[in-house]
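One structure is given here, and the rest of the page talks about it.
In what follows, chains are A, B, ... by sequence order, proteins preceding strands, each numbered from 1. Side chains included, hydrogens not; waters and symmetry mates left out as well; all remaining heavy atoms used.
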Amino acid sequence: MIDMILSNPGFIIILAGVVCALLPVSQIRKAILLIAPIFAGYMIYTATKDMEAARFAVSVGGQELTLMRMDRLAMIWGYVFCLAGVLNAIYGFHEKCKITDSSALIYMGAAVSGVFAGDFLTLFIFWEMAAISSVMLVWKGGEKSFPAGIRYLAIHVLSGVLLLAGAVMYGRANGGDFTFGYVGLENPGGCLLLIAMGIKCGFPFLHNWIQDAYPKASITGTVILSAFTTKLALYALARAFPGTDLLIYIGAIMTCFPVFFAVIENDLRRVLSYSLNNQLGFMVCGIGLGSELAMNGVAAHLAADVIFKGLLFMSMGAVMFRTGTAKASELGGLFRSMPYTTIFCLIGAGSIAAFPLLSAFVTKSMIITAALYEHEWIVLAMLLFASAGVMEHSGIKVPYFTFFSHDSGKRVKEAPVNMLVAMGLASILCIFFAWPWGGYQFLYSLLPNPEVHYSPYTGNHVVTQMQLLFAAMFAFALLKRIGVYPDEKRAEILDFDWTYRRLGKNIAIWIDAMWTRLSANVGRLRKRFIDSASDKIYHMFSPAGALSSAAPSGLPAVLTGSMLVLTLFVIYLSRL
Amino acid sequence: MAKHENAPANDEDIHPLSRKLLFLGDHKFIDNFIWLPIIGLVITVMAGFIYPFPEGYAAPWDFFASWAILGFIAYSFVVLSAGPLFKLLARDESYYGEGGDDD
Amino acid sequence: MDILSAYPAWLITHGAALLVVLPLLLGAITAILPRERLAWIVTLIVTLICTAAAFGLLLTIFGGETQLYKMGGWDPPHGISYVIDGLNTPVLLLISAMAVLCTIYGLPSVAAEVEPKKRAPFYGAFLIGVAGLLGMVATGDAFNVFVFLEVSSISTYVLVAMGASRDRRALTAAYRYLILGSIGATFFVIGVGFLYMETGTLNMADMARILSDLGGGSRAALIGFGFIIIGLGLKLAMFPLHMWLPGAYAYAPSFVTVFLASTATKAALYLMLRFTFTVFDPSFEYVGTVLTYVIISMAVLGMLLASLQAIFQTDARRTLAFSSIAQVGYMLLGVGIGTAASLSAGYLHLINHAIIKGALFFAVGAFWYRYGITRVEDFRGLSKMMPWTMGAFTIGGLSLIGVPFTAGFVSKYNLASAAASNGWWWAVGVIMATSVLAIIYIGRILLIAYFQDPPEVDGKVVAKKEAPLMMLIPMWGLAILSVVIGLNAYWMDRAADGAAQVLLLGVGG
Amino acid sequence: MTPHVILRVVSKFLIPLIALFAFYVQFHGDYGPGGGFQAGVILAASVILYALIFGLDEAKKAIPPSWVRIGMTLGVLVYGGTGVITWLLGAEYLNYSVLAEKSYNGQHYGILLVELGVLLAVASVMLAIFYAFGSREPDLSDEDW
């Protein structure tokens with residue numbers, strides 16, 4: 001048992017989460033929250049020394065489950081998750097909530113375990129575990145988050161069920177081999193798997209749970225949520241569908257459409273959720289391209305994205321922690337009271353917009369370059385369009401409306417120290433990952449295909465990227481000056497979730513109303529029929545005089561008789 | 001012209017570090033901010049002649065200042081699309097019956 | 001077998017008869033005992049001996065030998081013989097072990113739910129019911145099955161009616177159960193009569209031999225088969241014939257509900273397996289047709305509709321009762337597919353479901369015992385008021401849903417893979433869909449219990465009051481067992497595979 | 001007393017005969033039609049007739065309900081006990097052959113014992129049912145539900 005727990009770094013974190021659920025002392029819980037991911041990271045480090053020896057499998061009910069499988073693809077995901085865990089632990093240090101602590105650990109542990117899972121059944125277990133534990137974080141967001149949590153859970157359970165169904169179909173077609181490796185779309189199980197992963201990864205039309213649930217979670221909850229679920233799904237895609245052409249186009253669309261929603265959305269945490277979706281699009285596109293460079297780009301951009309997206313969510317969380325809102329229309333001018341948060345947010349915004357010397361510059365460009373090498377011109381154009389869009393919603397809109405813009409008059413305290421430390425660390429990482437003298441080289445040395453050479457700091461790359469960014473900034477300044485840059489207005493923006501939150505609900509209400517009407521009519525008809533047929537029979541079957549209210553023994557007896565007739569009829573037919 | 005039009009009534013509320021940054025809220029700064037990207041654009045477009053894409057690694061539309069133009073068009077398109085999109089998609093905050101206020 | 005050598009020899013050689021005779025005779029004595037505590041002790045001892053005997057018999061089965069016990073020394077086909085083989089021994093152990101757990105649970109529960117004067121007769125009726133169930137499972141004689149079916153049924157009607165001191169509706173429920181149960185038993189005996197007409201024997205093995213010589217028999221055998229299927233279908237609550245079940249489960253004393261839910265329908269299902277697969281043979285075309293068209297369609301309908309009905313119940317016990325009907329659907333699906341893997345999975349689900357539902361009903365009974373609540377909406381804050389009981393309920397609920405590492409997962413997974421390997425992907429889909437429905441009806445209860453605060457009475461939060469130890473022991477015993485099976489189902493699989501072997505090869509007396 | 005005087009006199013004469021006939025049927029069952037079931041019913045019928053003529057209370061004085069309960073149990077025990085005895089003698093359950101030295105006699109004793117148990121049980125159950133229905137209390141009023 002003990003060697004099973006020690007086999008996979010994620011199990012340690014899950015175990016720590018279970019321990020946390022029982023620990024009443026907040027300080028010890030926080031220490032565990034911090035130490036568990038560090039220890040897991042150390043375990044990943046030791047496991048990478050001999051990747052074959054780290055493999056661990058058990059047999060459950062005749063089915064071999066590979067609980068631990070280490071390779072370079074899994075390694076970087078594991079490291080990134082542990083890093084995110086450490087940052088989240090520091091960020092959430094001020095919060096005394098047992099449920100958040102333990103579910104955060106279990107959730108993180110499930111994500112790490114899922115990354116190191118060697119077969120689809122094991123993956124399914126942690127897939128579901130991640131969903132169930134993370135919904136607690138959503139529910140911690142207050143009254144309003146409860147229905148969102150239910151929707152979140154329903155969608156994720158659906159994803160899990162599809163994953164299991166797809167895995168079983170795939171395994172059957174594969175002769176009972178459930179190995180979590182390349183699947184492709186050749187067999188129908190693969191399609192189900194793709195949909196299951198697509199739901200969790202926020203494919204277009206399947207993405208709404210992100211924007212629905214994340215902004216409604218608690219402050220720390222949103223930060224934690226943003227790091228793991230979609231990234232686990234991305235890992236699964238990178239593992240099972242690298243080089244699937246369909247993903248290129250899905251990814252390209254995914255980069256573009258959230259841009260339009262982000263620009264009109266008022267809730268800045270929801271803007272960041274759209275931005276998250278958009279960044280995932282880059283990575284999905286990279287997986288679709290599937291070349292060694294593209295896969296490297298995916299892994300590198302994942303590492304950068306977890307950090308800078310976490311940083312942005314953290315800064316918005318800090319603002320919300322102090323002001324109580326994250327709505328652009330209510331905020332503004334906060335650089336006067338939260339200068340450190342402003343600086344960190346700007347670093348995050350610069351990173352996501354891919355300024356040189358900030359992390360996305362060295363990572364996103366790998367994916368774009370890979371698209372260029374593959375001569376996918378339309379896709380390339382879409383990615384560049386999306387890059388300009390990123391500059392708008394994350395690079396300019398989020399910091400501008402929060403910290404600059406017109407002064408909202410809100411004078412609050414600077415964020416708590418622990419939040420500042422977490423944001424500071426994340427900012428340092430954002431810079432370090434793009435540091436031309438040893439920084440990005442370190443990041444590249446962790447990528448799945450270390451032999452591929454790519455150097456981000458070439459003249460033409462820096463120049464073209466700066467052209468793009470300066471042009472965007474110029475456009476911003478120009479539009480602002482001539483007064484066509486839209487102000488933020490409070491509103492609920494419709495997205496695809498309208499289909500199930502409004503349309504589906506209304507259809508259900510309509511069906512319910514129709515059903516009530518129908519059953520009333522049927523009831524009336526039945527009553528009239530029975531009345532006209534014979535009062536005697538009516539009274540015979542129902543001594544109390546109410547056939548509908550307390551169904552008498554007569555009805556089951558009649559049913560029994562009819563079942564017998566049916567069975568005998570079937571038997572008779574079988575003899576024909 | 002008032003030096004700090006947006007300055008708060010109570011100066012003590014301002015974070016010590018921000019006192020040095022108050023120029024960011026200044027009208028002069030905001031009005032002249034546009035020169036920063038303009039200068040940047042000029043420099044980088046010029047630099048584009050010095051660092052062209054290697055042969056065969058350029059997009060088919062690659063020409064003089066193409067990335068800058070693409071960036072400008074894309075950005076403006078996104079921002080300008082916000083108006084009609086907002087008209088199309090925005091609803092009252094209590095549309096889903098959950099209310100829009102943060103607790 | 002080491003354990004087996006510790007057994008007295010007579011417990012094994014006479015085990016088959018002992019299992020039935022001991023509770024039957026002592027049940028009669030218990031009924032007139034003056035003190036309820038004495039009656040409880042006798043019941044406990046008797047059920048313990050039965051469990052020991054059943055366990056010993058199971059060990060001999062694993063040792064590879066089947067047993068034929070001739071009542072009165074008369075050789076079969078003339079005398080009544082009891083057959084101990086891989087198919088019925090696990091069910092025997094299940095029934096007797098559940099009887100022990102129920103008895104332990106009954107010490108506080110019966111004292112709370114049954115009138116003082118009726119408690120000793122209550123235990124007597126319970127023992128006779130146990131004897132009836134064990135008898136109908138152990139016997140190899142078709143008419144004897146009917147006799148014990150009636151013995152167990154009549155005592156269960158009495159037991160259900162004893163819930164009247166808690167809820168008067170128990171009387172109508174018992175009455176309905178009586179009417180429908182009698183219809184079921186009558187159908188069964190009519191079927192046996194047709195079979196006797198066809199074969200001239202009542203011994204099951206003999207019947208099977210003659211029927212296969214006749215190639216399935218004439219019209220009398222066909223009609224007999226129809227009657228037997230419907231009669232047993234009523235007893236095991238096959239979908240449209242389930243109407244007696246929710247009332248009986250909801251209003252009987254908690255003790256009886258657990259026992260009924262985890263044994264009575266299971267014994268009837270065992271009989272259906274026995275008759276369709278060993279007395280008749282699926283290779284007879286009419287048997288095969290009924291399995292494929294009637295049993296499977298009813299199984300699937302039951303799984304879906306009963307799960308839906310479970311979602312809309314306000315009473316927790318009715319929710320669980322409808323869930324039982326749905327779970328019977330799973331077992332029948334396993335029966336209907338009819339391959340070795342599916343039979344094994346269905347049989348495993350039979351045992352697992354008994355364990356799971358036992359734990360769940362134990363917990364629900366404890367909630368009533370402490371706070372007098374049965375409605376789902378009253379469950380709020382129970383996780384804080386009764387953490388241990390709610391813990392057992394949660395494990396049971398997760399197992400019912402089929403979360404990995406629980407018993408429910410093992411059998412559902414086996415069933416799904418059996419269906420898939422038969423190419424029945426739609427059946428896999430139905431299993432998935434009903435699992436989602438199970439998430440809804442169990443999740444609804446869990447959400448209320450965990451995420452709502454305990455109610456306040458007179459401005460004070462209701463005090464924490466854990467269930468008594470005698471209730472917690474059996475409850476947690478079953479909850480832990482369901483996790484253990486989820487972790488390592490080797491013995492369960494072995495027993496279930498053994499049963500499937502018997503069904504397909506027709507081993508036995 | 002007066003309206004039923006003929007009935008009472010005749011039945012007083014008949015009841016012992018009925019009881020006697022019950023035992024005739026009981027022992028005849030060993031080698032001809034008859035046996036414990038029929039005998040039990042006839043025996044119970046004699047008591048029921050008594051109850052019909054002289055009233056339930058009188059009958060309950062003659063055969064108290066506690067006897068009836070004990071009789072039910074005792075009947076089952078005599079039947080089952082016979083089987084237990086054969087067990088103790090080392091044979092299968094209800095294998096009477098071991099009850100005597102010659103298996104023929106053993107079968108004979110065994111069936112007599114078992115039939116006696118059946119007689120007791122059946123007669124008691126019949127009476128119990130009769131007593132239960134006869135002494136039924138008035139219907140529950142609606143408020144009691």
Side chain, backbone, both or neither of [X] within contact of chain A (heavy atoms, under 4.5 Å):
| X | value |
| --- | --- |
| C/Val410 | neither |
| C/Met298 | side chain |
| C/Leu222 | both |
| C/Ser417 | both |
| C/Leu447 | side chain |
| C/Trp244 | neither |
| C/Val436 | side chain |

For this session: Could you tell me which residues satisfy side chain to side chain contact (heavy atoms under 4.5 Å, CB included) with C/Ile439, sequence neighbours excluded, listed by chain and number?
Result: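 Result, side chain to side chain contact (heavy atoms under 4.5 Å, CB included) vs C/Ile439: A/Val157, C/Ile401.
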For this session: Mind ranking C/Tyr490, C/Tyr293, C/Phe187 by heavy-atom pairs under 4.5 Å with chain A and telling me who comes out on top?
Result: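 The residue among C/Tyr490, C/Tyr293, C/Phe187 with the greatest pair count is C/Phe187.
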Exercise. If you count heavy-atom pairs under 4.5 Å between each of C/Pro240, C/Gly288, C/Ala416 and chain A, which one has the most?
Worked result: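 When all of C/Pro240, C/Gly288, C/Ala416 are compared, C/Pro240 has the most.
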Exercise. Is the centre of the A/Phe11 ring less than 6.0 Å from the centre of the A/Phe126 ring?
Worked result: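 So the answer is yes for these two rings.
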Exercise. Between the main-chain N or O of C/Ile395 and the side-chain N or O of C/Ser399, is there a donor-acceptor pair closer than 3.5 Å?
Worked result: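 No, C/Ser399 side chain to C/Ile395 backbone: no donor-acceptor pair under 3.5 Å.
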For this session: Give a yes or no answer on whether the side chain of A/Asn8 reaches the backbone of A/Leu67 with a donor-acceptor pair at less than 3.5 Å.
Result: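 Side chain of A/Asn8 to backbone of A/Leu67: a pair is present.
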[X], part contacting chain C, at a heavy-atom distance under 4.5 Å:
| X | value |
| --- | --- |
| A/Met169 | both |
| A/Leu121 | side chain |
| A/Leu162 | neither |
| A/Leu568 | side chain |

Any heavy-atom pair between the side chains of [Y] and [X] that's under 4.5 Å?
| X | Y | value |
| --- | --- | --- |
| C/Val290 | C/Thr276 | no |
| A/His156 | A/Ile132 | no |
| A/Thr66 | A/Phe180 | no |

Problem set entry | Residue selection (most heavy-atom pairs with chain C, distance under 4.5 Å) from A/Ile125, A/Leu153, A/Leu566, A/Leu158 |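 The answer is A/Ile125.
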For this session: Begin with the C-alpha distance, continue with both residues' side-chain angles, and end with the deciding distance and a verdict on side chain to side chain contact (heavy atoms under 4.5 Å, CB included) for C/Phe225 and A/Ile571.
Result: CA-CA 9 Å; C/Phe225 180 70; A/Ile571 290 175; 3.9 Å; yes
For this session: Only counting residues at least two apart or in another chain, list the ones meeting salt bridge (charged side-chain N to carboxylate O under 4.0 Å, His left out) with C/Asp167.
Result: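 Listed in chain order: C/Arg169.
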